[in-house]
Structure formats: C-alpha cells, structure tokens
K.L.:
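This is the structure I want to talk about, given as structure tokens.
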Amino acid sequence: MTIVVVGGTGLIGAKVVSRLNALGHSPIVAARSTGVNSYTGEGLADALAGAETVIDVSNSSYTDELGALDFFETSTLNLLTYGAAAGVNHHVALSVVGSERLSRSEGGYFRAKAMQEALIRESARPYSIVHATQFFEFMRNIADSATRNGAVRVAEALMQPMAADDVAAAVVRTALAPPTGGTTEFAGPEPGRLAYFVQTVLGAQHDPREVEADPLARYFGNTLTERELLPEEHAELSRLRFDEWLAASRNDLRPA
Ligand SMILES: NC(=O)c1ccc[n+]([C@@H]2O[C@H](COP(=O)([O-])OP(=O)(O)OC[C@H]3O[C@@H](n4cnc5c(N)ncnc54)[C@H](OP(=O)(O)O)[C@@H]3O)[C@@H](O)[C@H]2O)c1
C-alpha cells in the first residue's frame, strides 16, 4: 500500500514515518523541504500519484486564527482534491481533542482545526480523523506562547496529555485500518493541571520561569473552561505516564 505522509518531517510526522518503515511500508514523505507544498499545490500531484492513503500531520507555522485558517483551508482542499484525482481511498488527519468546543471562541487556532475537520467530513471522501490531546513534548511551546514580561500565565484548566510517540502510534493504527468515517479520540493516562505539566517541563530544562494559573489567561487565543481540553469518556488511553516520559526524556530535554 502506498502511503503519503504530509508533514512527514514534523514532530509527529517523523515518528509516523519511522513506524511505517518499521512495519515494512515505504511511505512518501511530503513536506516543503522534500519539494511538496500542500498549500500551493507544488509537487502534490507527483507525490500522490498511485497513493492509496494520505496521512495529514502537517501544521501551520501560524497559530493566529487568520493565518491558521488560510493554511488549513487551502491545504486540506488541495489534499482532498488532488487525492481524489489520484484515487486515494483513505484520508487520515490529525486534529486536537475538543476542537469543536474550542472553535467557539474567536481569534484562536482551533477554529482552523475545526474547519479542517469539517472540510474532510463534507468532502464525501473516505476518511478517519484522529483526535489527540496535547503532547508532553508541547509543554514548552505552551509556556512560550503564554509568557508575558518573563512570567508564564496559563489557564486554570485540566489536561490529559500524551507522548508524541503514542500519538504517532495511534495515527499509524488508524491509517492501516479501514476508514472510520468519523473521529476517534486518544489521550494520555491521567489528567492534571495545565500549570503543573508546563512548570514540570520548564523545571526539567532548568528554565527559571515561574508558571501561574490565571483565570483570564488564554490558550492559543482561546478562553478555556476547566474541562475543555479533556477527552470524551470513551477515548482510548495510552499507557506512558508523564513522570515516566519525563524520566526517559531527561537527556533530550535540553536546558533552556
Ligand atoms: N501540539 C499538540 O499538542 C497537538 C495536539 C493534538 C494534535 N495536534 C496536531 O498535530 C499536527 C502535527 O503537529 P506537529 O507538532 O507534529 O507539527 P510540526 O512539528 O510543526 O510539523 C509540521 C509539519 O508540516 C510540514 N508543513 C508545514 N507547511 C507545509 C506545507 N505548506 N506543505 C507541506 N508540508 C508542510 C512541515 O514541514 P516543512 O516545514 O518542511 O514544510 C512539518 O513536516 C498538527 O496538525 C496539530 O494541530 C497537535
């Protein structure tokens, strides 16, 4: 089966590609750095020729609503259109747990993710949407986006994050199974406070910033209620706990 991984050089994409390689597939890695641009369409027809499955784990470098909307709308329509022309029979996309709830507030990245999902659902193409919670590896990005004058203020919310490796495993399992025609949720094994996860990773990196929970703090442009980032009751939970990941990743977590 020919599989194209769009965003195959990214955090999740590289892990998806190496898992597929280990299983004996030889996926095509599609990213701007390999000459394929899902936004402009450059190289897309060639990359998708003969492909049966497209895995979209690309991301916008813009986290503001307008930049992210433009990227995900244009790229997703290109992937669906070029994919249909190439005979792709499974479009798999990675999105975020709670994207529909989170898309209600203006100015946020999640409107773009919810719109990406709506385009896929309405495309009449065979698809599977994977919803994952935040990655353990993403805590530093959350801290950076929430830093004002050296202080990190994060929303007073709960989250149930998971290892990027487990996200990649979930994406690969989904891609190798028949299209679900719906959304499947994946989450980490245990919930905790956003401030706790972010502060713990900064501490492991010897980053001196203090993290405070602030009811007015936004999360990538969104106001958050306490449980909005949590998965649904039937989500599939991964096994690797945050403390185990932290212990195993200490050498990779470079001091800030
Ligand atoms: N962060 C979280 O906690 C979280 C949670 C759940 C779901 N997600 C979702 O997971 C997905 C992957 O995130 P990630 O952190 O792995 O992303 P990432 O590390 O930023 O990687 C993004 C990938 O997209 C590629 N890309 C960007 N623009 C492109 C374009 N125009 N054409 C083709 N490829 C392009 C990049 O390669 P080039 O730069 O070479 O093009 C790179 O391979 C995202 O859609 C995100 O919404 C994230």
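Each ligand, and each atom within it, is numbered from 1 in the order the structure gives.
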K.L.:
If you measure from CD1 on I3 to OG on S26, what distance do you get to the nearest 0.5 Å?
P.N.:
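The distance works out to 9.5 Å.
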K.L.:
Locate the shortest heavy-atom distance separating G188 from L237; write the atom from each residue and the value.
P.N.:
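Looking at all heavy atoms of both residues, the closest pair is O-CD2, 3.6 Å.
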K.L.:
Regarding atom 6 (C) of ligand 1: of the candidates A132, G35, A164, which has the closest heavy atom?
P.N.:
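Nearest heavy atom to atom 6 (C) of ligand 1 lies in A132.
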K.L.:
One pair to check against salt bridge (charged side-chain N to carboxylate O under 4.0 Å, His left out): E212 and R153. What are the steps and the verdict?
P.N.:
CA-CA 5 Å; E212 282 172 37; R153 294 207 162 73; 3.7 Å; yes
K.L.:
Quick check: does any side chain N or O of T74 sit under 3.5 Å from a backbone N or O of F71, one acting as donor and the other as acceptor?
P.N.:
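No, T74 side chain to F71 backbone: no donor-acceptor pair under 3.5 Å.
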K.L.:
Heavy-atom contact under 4.0 Å between T133 and ligand 1?
P.N.:
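The answer is yes, since T133 has a heavy atom less than 4.0 Å from ligand 1.
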K.L.:
For atom 47 (O) of ligand 1, find the nearest protein heavy atom and state the residue, atom name and distance (0.1 Å precision).
P.N.:
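Ranked first by proximity to atom 47 (O) of ligand 1 is Y109 OH, 2.7 Å.
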K.L.:
Salt-bridged, D207 to R140, with N to O below 4.0 Å?
P.N.:
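Result for this pair is yes, salt bridge flagged.
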K.L.:
Report the part of V36 (side chain from C-beta onward, or backbone N, CA, C, O) that has a heavy atom under 4.0 Å from ligand 1; answer both or neither where that applies.
P.N.:
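V36 to ligand 1: backbone contact only, side chain stays beyond 4.0 Å.
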K.L.:
Main chain of F220, side chain of Y109: is a donor-acceptor contact present, judged purely on distance under 3.5 Å?
P.N.:
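Here the side-chain-to-backbone pair does not exist.
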K.L.:
If you measure from atom 23 (C) of ligand 1 to every heavy atom of G7, A93, S99, which option wins on shortest distance?
P.N.:
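Ranked by closest heavy atom to atom 23 (C) of ligand 1, first place is G7.
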K.L.:
Looking only at protein heavy atoms, which one is nearest to atom 41 (O) of ligand 1, and how far off is it?
P.N.:
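The answer is R32 NE, 2.7 Å.
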K.L.:
Nearest protein heavy-atom contact for atom 34 (N) of ligand 1: which residue, which atom, what distance?
P.N.:
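Answer, as residue, atom name and distance: A31 CA, 3.6 Å.
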K.L.:
Only one of V57, V54, V29 passes side chain to side chain contact (heavy atoms under 4.5 Å, CB included) with V5; say which it is.
P.N.:
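So the option named by the test is V57.
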K.L.:
Is F136 touching ligand 1 with its side chain, its backbone, both, or neither, if touching means heavy atoms under 4.0 Å apart?
P.N.:
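It is neither part, as no heavy atom is under 4.0 Å.
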K.L.:
Do D70 and Y39 get their side chains close enough for a donor-acceptor pair, meaning under 3.5 Å?
P.N.:
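D70 vs Y39: donor-acceptor pair found between side chains.
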K.L.:
Please report which non-hydrogen protein atom sits nearest to atom 16 (O) of ligand 1, along with the residue it belongs to and the distance in Å to one decimal place.
P.N.:
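Residue, atom and distance for the closest contact: I12 N, 2.9 Å.
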K.L.:
Can any side-chain N or O of Q116 pair as donor or acceptor with the backbone N or O of F72 at less than 3.5 Å?
P.N.:
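Here the side-chain-to-backbone pair does not exist.
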K.L.:
Examine G10 against ligand 1 and note whether any of their N/O atoms are separated by less than 3.5 Å.
P.N.:
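Among all N and O atoms of G10, at least one is under 3.5 Å from an N or O of ligand 1.
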K.L.:
Under 4.0 Å from a heavy atom of S33: give me the atoms of ligand 1 that qualify, with their elements.
P.N.:
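Every atom of ligand 1 under 4.0 Å from some heavy atom of S33: 40 (O).
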K.L.:
Considering only non-hydrogen protein atoms, determine which one is nearest to atom 12 (C) of ligand 1 and report residue, atom name and distance to 0.1 Å.
P.N.:
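Sorting protein heavy atoms by distance from atom 12 (C) of ligand 1 puts V57 O, 3.3 Å first.
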K.L.:
Tell me: protein heavy atom nearest atom 44 (C) of ligand 1, and distance?
P.N.:
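Scanning the protein heavy atoms, the shortest distance from atom 44 (C) of ligand 1 goes to S58 O, 3.4 Å.
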K.L.:
What I want to know is whether V6 and ligand 1 share at least one N or O pair that is separated by under 3.5 angstrom.
P.N.:
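Among all N and O atoms of V6, none is under 3.5 Å from an N or O of ligand 1.
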K.L.:
Considering only protein heavy atoms, which is closest to atom 31 (N) of ligand 1, and at what distance to one decimal place?
P.N.:
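Atom 31 (N) of ligand 1 sits closest to the protein heavy atom N37 OD1, 2.9 Å.
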K.L.:
Of all the heavy-atom pairs spanning H90 and P178, show the shortest one and how long it is.
P.N.:
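Scanning both residues completely, I find the closest heavy atoms to be CE1-C, 4.0 Å.
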K.L.:
Does any N or O of ligand 1 fall below 3.5 Å from an N or O anywhere on Q134, backbone included?
P.N.:
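Checking ligand 1 against Q134, no N or O pair falls under 3.5 Å apart.
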K.L.:
Under 4.0 Å, heavy-atom basis, I'd like to know which part of F135 is in contact with ligand 1: side chain, backbone, both or neither.
P.N.:
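Looking at F135 and ligand 1, atoms from backbone and side chain both fall under 4.0 Å.
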K.L.:
Give the C-alpha distance, both sets of side-chain angles, the deciding distance and a yes or no for salt bridge (charged side-chain N to carboxylate O under 4.0 Å, His left out) between D214 and R148.
P.N.:
CA-CA 12 Å; D214 177 345; R148 302 283 175 276; over 6 Å; no
K.L.:
What protein heavy atom sits nearest atom 27 (C) of ligand 1, and how far away is it?
P.N.:
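Minimum-distance protein heavy atom for atom 27 (C) of ligand 1 reads N59 O, 3.2 Å.
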K.L.:
Which of the atoms of ligand 1 are close to Y39, meaning less than 4.0 Å from one of its heavy atoms?
P.N.:
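Answer for ligand 1: 31 (N).
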K.L.:
Does L11 reach ligand 1 with a nitrogen or oxygen that is under 3.5 Å from one of the ligand's nitrogen or oxygen atoms?
P.N.:
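N/O-N/O distance below 3.5 Å exists for this pair.
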K.L.:
Tell me yes or no: between the side chains of T147 and R209, is some donor less than 3.5 Å from an acceptor?
P.N.:
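Distance-only check passes for T147 and R209.
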K.L.:
Going by the order shown, which atoms of ligand 1 are within less than 4.0 Å of some heavy atom of S95?
P.N.:
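What qualifies from ligand 1 is 6 (C), 7 (C).
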K.L.:
Verify whether one side chain among E117 and S95 offers a donor that lies under 3.5 Å from an acceptor in the other.
P.N.:
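On atom types as modelled, these side chains qualify, holding a pair under 3.5 Å.
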K.L.:
Considering only heavy atoms, does S60 approach ligand 1 within less than 4.0 Å through its side chain, its backbone, both, or neither?
P.N.:
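The answer is neither.
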K.L.:
At a non-hydrogen distance cut-off of under 4.0 Å, which region of K113 contacts ligand 1 (side chain, backbone, both, or neither)?
P.N.:
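Only the side chain of K113 comes within reach of ligand 1.
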K.L.:
Suppose I only count heavy atoms of F71 and a 4.0 Å limit; which atoms of ligand 1 are within that range?
P.N.:
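So the answer, numbered in order with elements, is 28 (N), 29 (C), 30 (C), 31 (N).
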K.L.:
Quick test of your reading of the model: are E100 and R111 salt-bridged, counting only N-O distances below 4.0 Å?
P.N.:
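Answer for the salt bridge query: no.
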